[in-house]
Trainee: 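One structure is given below, represented as structure tokens, and several questions about it will come after.
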Amino acid sequence: MKKRLISANWKMHKTIGETEEFLRIFLKSVSLKDDREVLICPPFTSLQTASQILKNSEVRLGAQNCHWEKKGAFTGEISPVMLKDLGCDYVIIGHSERRHIFGEEDEVINRKLISALEEGLRPILCVGEKIEDREAGMTEKVVETQLRLGLSRLEDHIDSIDIAYEPVWAIGTGVPATPEDAVNVHRFINEVLDRLNPSRKRETRVLYGGSVKPENAGEFMKREEIEGLLVGGASLDPESFAKIVESF
Ligand code: PEP
């Protein structure tokens, strides 16, 4: 039985002091069960501190992005080697804010995935349609293209990657997808992954992300197709995130 994955994406929030405070309260208040994995993805500047605090806990550490090279003349970038060195197990790749604010394209996302896997990080590949795609009935086409291009040459490694379905119109808007809509896209994602690698072991977890809160997390997690959550805003408060972790 796969462990479900509940992940916090803090984006560009929290200083080192705020990270320490969050983790102190969160570790005290959350009750962790064996059937789920909990992941915190703070900004790069808090990784070292979080790594120290989390090293004797069951909570895993991840980064929100990485470069595709191991080292070199790439001012301002962070490599997967550096993330591994800091104690990260996971890295989020292709988040919609990376795609749509920073212009990351599927080809770059693919290179990042390859590099992260080479360093032994488990990537969470984010996919999802914009509102205009949804209104034009293009959700499946957009998600399939992101999967095919993102996972190009990685067909044999799909089991080492998790996917987050995050409809862009649901991220940070307070308007989540309905669990039914999410389930339909999650089923479709699994069909595409099966087509890319019919002999995969189905170890990939398909997470939902987009305006998840303590009040709606349980509704998503009731559905077996939803194998985890990627939580932005509601993961910034330790008690709110603990409630999401304990919502099922
Ligand atoms: C996210 O950052 O991936 C996200 C889903 O944000 P929010 O939960 O705030 O919608």
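Whatever order the structure lists ligands and atoms in, that order sets their numbers, starting from 1. In this text, all values refer to a predicted model and were calculated from it rather than measured experimentally. Along the sequence shown, the residues carry numbers beginning at 1.
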Trainee: Around atom 8 (O) of ligand 1, find the nearest protein heavy atom and jot down its residue, atom name and distance.
Mentor: G232 N, 2.8 Å
Trainee: Would you say A164 contacts ligand 1, with heavy atoms under 4.0 Å as the rule?
Mentor: no
Trainee: When you compare ligand 1 with A234, is there at least one nitrogen or oxygen pair between them that comes in under 3.5 angstrom?
Mentor: no
Trainee: In ligand 1, which numbered atoms sit nearer than 4.0 Å to a non-hydrogen atom of G172?
Mentor: 7 (P), 9 (O), 10 (O)
Trainee: Can you confirm whether the side chains of E37 and Y90 place a donor and an acceptor under 3.5 Å from each other?
Mentor: yes
Trainee: Are any of the side-chain nitrogens in R205 or E227 under 4.0 Å away from the carboxylate oxygens of its partner?
Mentor: no
Trainee: Tell me which part of N9 gets within contact of ligand 1: side chain, backbone, both or neither, using heavy atoms under 4.0 Å.
Mentor: side chain
Trainee: Under 4.0 Å between a side-chain nitrogen and a carboxylate oxygen: does that hold for E219 and K222?
Mentor: yes
Trainee: With backbone taken as N, CA, C and O and side chain as the heavy atoms from C-beta onward, which portion of A170 lies under 4.0 Å from ligand 1: side chain, backbone, both, or neither?
Mentor: backbone
Trainee: Decide whether N197 and S199 meet the rule of one side-chain donor and one side-chain acceptor closer than 3.5 Å.
Mentor: yes
Trainee: Looking only at distances, can you tell me whether any N or O atom of E97, backbone or side chain, sits closer than 3.5 Å to an N or O atom of ligand 1?
Mentor: no
Trainee: Quick one: which of K213, E166, H95 has a heavy atom closest to atom 5 (C) of ligand 1?
Mentor: E166
Trainee: Please list, in number order, the atoms of ligand 1 under 4.0 Å from a heavy atom of G210.
Mentor: 5 (C), 10 (O)
Trainee: G233 to ligand 1: N or O pair under 3.5 Å?
Mentor: yes
Trainee: Do the side chains of R200 and E155 get close enough for a salt bridge, i.e. N-O under 4.0 angstrom?
Mentor: no
Trainee: List the atom of S211, the atom of A170, and the distance in Å for their closest heavy-atom pair.
Mentor: OG-O, 2.6 Å
Trainee: Does any donor atom in the side chain of E225 or Y165 lie under 3.5 Å from an acceptor atom in the other side chain?
Mentor: no
